Amino acid sequence: MAGRIDLRRRVRVADARYGEVVLAGFVQDIRVLKNIAFIVLRDISGVAQIVFKRGSIPDELFEKVCSIPRESVVAVQGFMVESSIAKLGREVIPVEFEVLSEASSPIPIEFLDSSVETSIGRRLDYRFLDLRNPAVSAIFKVQSVITGLLHEFFRSRGFIEVHTPKIVAEATESGASVFPVDYFGRRAYLAQSPQFYKQMLMASGFEKVYEIGPVFRAEPHHTPRHLCEYTSIDFEVSYIESYHDVMDVVEDMIVYVADRIGGICGREFDILGVKPPRIVKGLPRITVREAYKMVESRGYKPTYMEDLDTRGERVFSKAVEEEYGCKAAFLIEFPWRSESRPFYVMRKRDEPDWAYSFDLIWMGLEVTTGGQREHRYDLLRSQCIEKGYNPDNFSFYLEFFKYGVPPHGGSGTGLERLTMRIVGLDNIREAVLLPRDPERVKP
RNA sequence: GCCCUGGUGGUGUAGCCCGGCCUAGCAUCAGCGGCUGUCGCCCGCUGGACGCGGGUUCAAAUCCCGCCCAGGGCGCCA
């Protein structure tokens, strides 16, 4: 056992076949008996057991193996054999063994023992270690498949993927706070939504665009569903008849992901101990006015002509589940005057107090917001004024509507919120590698 | 922005209400020893902690004040 192991011959544990193999990974556990020792080696794909028998390897190596700190990185070359004794059903008989990087001990967080659950704060401080936990990395494997499926979905439907600026001159849409940045001595902001640019591209005749990218919100929310930086799944489509056409896209998109994710990520769902989501086409579309009644009949008093608040949304979700047997539903027709509805939404033709706007509520969580946009210049301008803004501040945006723009609409979905619902998380910070919240900007 | 809760070994907790019985318990972890097959290994021994500063008191992990840090709820939102 003196040779170097050629790492180019390495295979992942899950791909290893019987016969000669090279594996490399972290030492998850070492169990030492008098004349036999076991190393459980973990890589991104799974775990394998290596058996060291005193006598069949040099004593010096045996002693060395016994003293390797947990979580060190090692490589082994040997033979994968079937084993009726090993619970994994197979194990590696080593020929060569190498420590590639020794870990210090103790490890600052405990991440593999389910009896000792490290708090989220400390886990995030040591996120690079936390992510070694298969139940944590599984979330991101699923998320990667989600975004892959989303790209597949949009492309198959003729959407053009775009990348809009993240440094912008003006604060977009509503009053949502923005992060100022110093742009060569001028004030600029981090984009809190690709909204205006998506709409610009409708004016450019792109017809269907989508973007999956970061957005920034400088709001000091202290909740398990808010981040100051998150990934937004945005799309915009032209030539719609109504905002129902937009909801159709959202619904198809969610169903596309939900239908496929379980089949692709079976192992990850097993590790996470949850069932893949079941979302079927035909989600109820319930007006806010109906929702007021639904929650009121369940003892919750809504504020009329306002959006449902957090508790209201939860009661609503429960009502939807009871009455429709659905975990998700569209909430439609929002009060125009509500602060959270921006000036660019199209108002209802016969009832201008209501807007062609929708939210997708999935088990009490607002996952998506969207609607039909007002594309008629004069109306858009007057709505801007009515909402209390100075149209001069939005001149670059209003320009888009002066030279012909198709009727259009679109929506934005929070990738992390979607991930939460798909893999069953109750804190959004579990759904992002390195969360940014009002208290945390590192690591 | 407002409102709660909490900071005890590397990690997670018990103790705090009702100060002394705390030389601070347990689990995990780490170190040593034992066991030809472990697999949430097991058994024995050993190691390690009261966020910081001030106050009250004969006596403070425990009560009071300030600070720092961390969680959570609300508004709001994807």
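Numbers restart at 1 for each chain; the letters A, B, ... are given by sequence-line order, proteins then strands. It should be emphasised that the depicted structure is a prediction, and the values quoted were computed from it without experimental measurement.
With hydrogens and angles left out, the side-chain atoms of A:Arg225 and A:Thr310 include a donor and acceptor closer than 3.5 Å. For the 3.5 Å distance criterion, the side chains of A:Thr419 and A:Gln143 qualify, holding a donor opposite an acceptor. Side-chain atoms of A:Arg417 and A:Tyr230 form no donor-acceptor pair, as typed in the model, at a separation below 3.5 Å. Judged by distance alone, the side chains of A:His408 and A:Gln199 do bring a donor and an acceptor atom under 3.5 Å apart. Side chain to side chain, A:Asp309 and A:Tyr300 meet the donor-acceptor criterion of an N or O pair below 3.5 Å. Checking A:Glu211 against A:Thr164 by side-chain atom types alone, a donor-acceptor pair falls below 3.5 Å.
Within residues 22-33 of chain A, the residues approaching RNA chain B are A:Asp29, A:Arg31, A:Val32, A:Leu33, by heavy-atom distance under 4.0 Å. Shown for residues 79-91 of chain A: residues whose heavy atoms fall under 4.0 angstrom of RNA chain B, namely A:Ser83, A:Ile85, A:Ala86, A:Lys87, A:Glu91. Contacts of residues 127-135 of chain A with RNA chain B (heavy atom under 4.0 Å): none.
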Review item, nucleotides 30-32 of chain B N/O atoms under 3.5 Å of protein N/O:
residue	atom	partner	partner atom	Å
B:A30	OP1	A:Arg70	NE	3.0

Using atom names, set out every protein N or O paired with an N or O of nucleotides 48-52 of chain B below 3.5 Å, distance rounded to 0.1 Å.
none

Between N or O atoms, less than 3.5 Å apart, protein on one side and nucleotides 3-9 of chain B on the other: list the pairs.
none

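Using a 4.0 Å heavy-atom cutoff across all strands shown, A:Arg123 reaches no nucleic acid atom at all. Within 4.0 Å (heavy atoms only), A:Asp125 reaches no atom of the nucleic acid at all. Residue contacts shown for A:Ser232 are absent, as no nucleic acid heavy atom lies under 4.0 Å away. At the heavy-atom level, A:Leu415 lies nowhere under 4.0 Å from the strands shown. Nucleic acid contact for A:Glu313: base, since at least one base atom lies under 4.0 Å from a heavy atom of the residue. A:Pro220 comes within 4.0 angstrom of a base, heavy atoms only.
If you measure from atom CD of A:Glu366 to atom C1' of B:C77, you get 6 Å, rounded to the nearest angstrom. Whole-Å rounding puts the A:Asp359 CG to B:C76 P distance at 13 Å.
Classification of A:Asp59 and A:Lys64 as a salt-bridged pair fails, no side-chain N sitting under 4.0 Å from a carboxylate O. Using a 4.0 Å cut-off between a side-chain N of Lys or Arg and a carboxylate O of Asp or Glu, A:Arg341 and A:Asp359 qualify as a salt bridge. The pair A:Asp252-A:Arg157 counts as a salt bridge, with a side-chain nitrogen and a carboxylate oxygen less than 4.0 angstrom apart. Electrostatic pairing of A:Arg132 and A:Glu71 counts as a salt bridge here, judged by a charged N lying under 4.0 Å from a carboxylate O. No salt bridge links A:Arg70 with A:Asp29; every basic N to acidic carboxylate O contact stays at or beyond 4.0 Å. A salt bridge is defined here as a Lys NZ or Arg NE, NH1 or NH2 lying under 4.0 Å from an Asp or Glu carboxylate O, and A:Lys327 with A:Glu321 meets this definition. Ion pairing between a basic and an acidic side chain is recognised when a charged N comes within 4.0 Å of a carboxylate O; A:Asp43 and A:Arg10 show such pairing. Under a 4.0 Å N-O distance rule, the pair A:Glu386/A:Arg347 qualifies as a salt bridge. Contact check on A:Asp248 versus A:Arg285 returns a salt bridge, with a Lys/Arg side-chain nitrogen under 4.0 Å from an Asp/Glu carboxylate oxygen.
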- Tell me, what's RNA chain B's dot-bracket, Watson-Crick or G-U with both distances under 3.5 Å, | for other-strand, [ ] crossing? (((((((..((((......[....))))((((((.......))))))...(((((..]....))))))))))))....

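A:Thr310 has a side-chain polar atom (N or O) that falls below the 4.0 Å cut-off from OP1 or OP2 of B:G75. The side chain of A:Asn427 places no N or O atom within less than 4.0 Å of a non-bridging phosphate oxygen (OP1 or OP2) of B:G71. OP1 and OP2 of B:G37 both lie 4.0 Å or more from every side-chain N or O belonging to A:Arg54.
Each of A:Lys53 and A:Glu110 lies near RNA chain B, and the nucleotide nearest A:Glu110 is the one positioned closer to the 5' end.
A pairwise comparison of heavy atoms in A:Val320 and A:Ala328 identifies CG1-O, 4.3 Å as the closest pair.
Remark: A:Lys53 engages no residue in a side chain to side chain donor-acceptor pair (under 3.5 Å) (not counting sequence neighbours). Applying the salt bridge (charged side-chain N to carboxylate O under 4.0 Å, His left out) test to A:Asp130 and every residue at least two apart in sequence or in another chain returns A:Arg123, A:Arg127. For the side-chain contact (heavy atoms from CB on, under 4.5 Å) test, residues two or more places apart in sequence or in another chain that qualify with A:Val432 are A:Leu227, A:Glu416, A:Pro435. Partners of A:Ser105 under the side-chain contact (heavy atoms from CB on, under 4.5 Å) rule, at least two apart in sequence or in another chain, do not exist in this structure.
By the stacking rule of 5.5 Å between ring centres and under 30° between planes, A:Phe38 does not stack on the base of B:G37.
Counting only residues at least two apart or in different chains, salt bridge (Lys or Arg N to Asp or Glu O under 4.0 Å) contacts with residues 77-93 of chain A are absent.
Interface remark: the A:His221 side chain does not form any donor-acceptor pair with the B:C77 base, using a distance-only criterion of under 3.5 Å.
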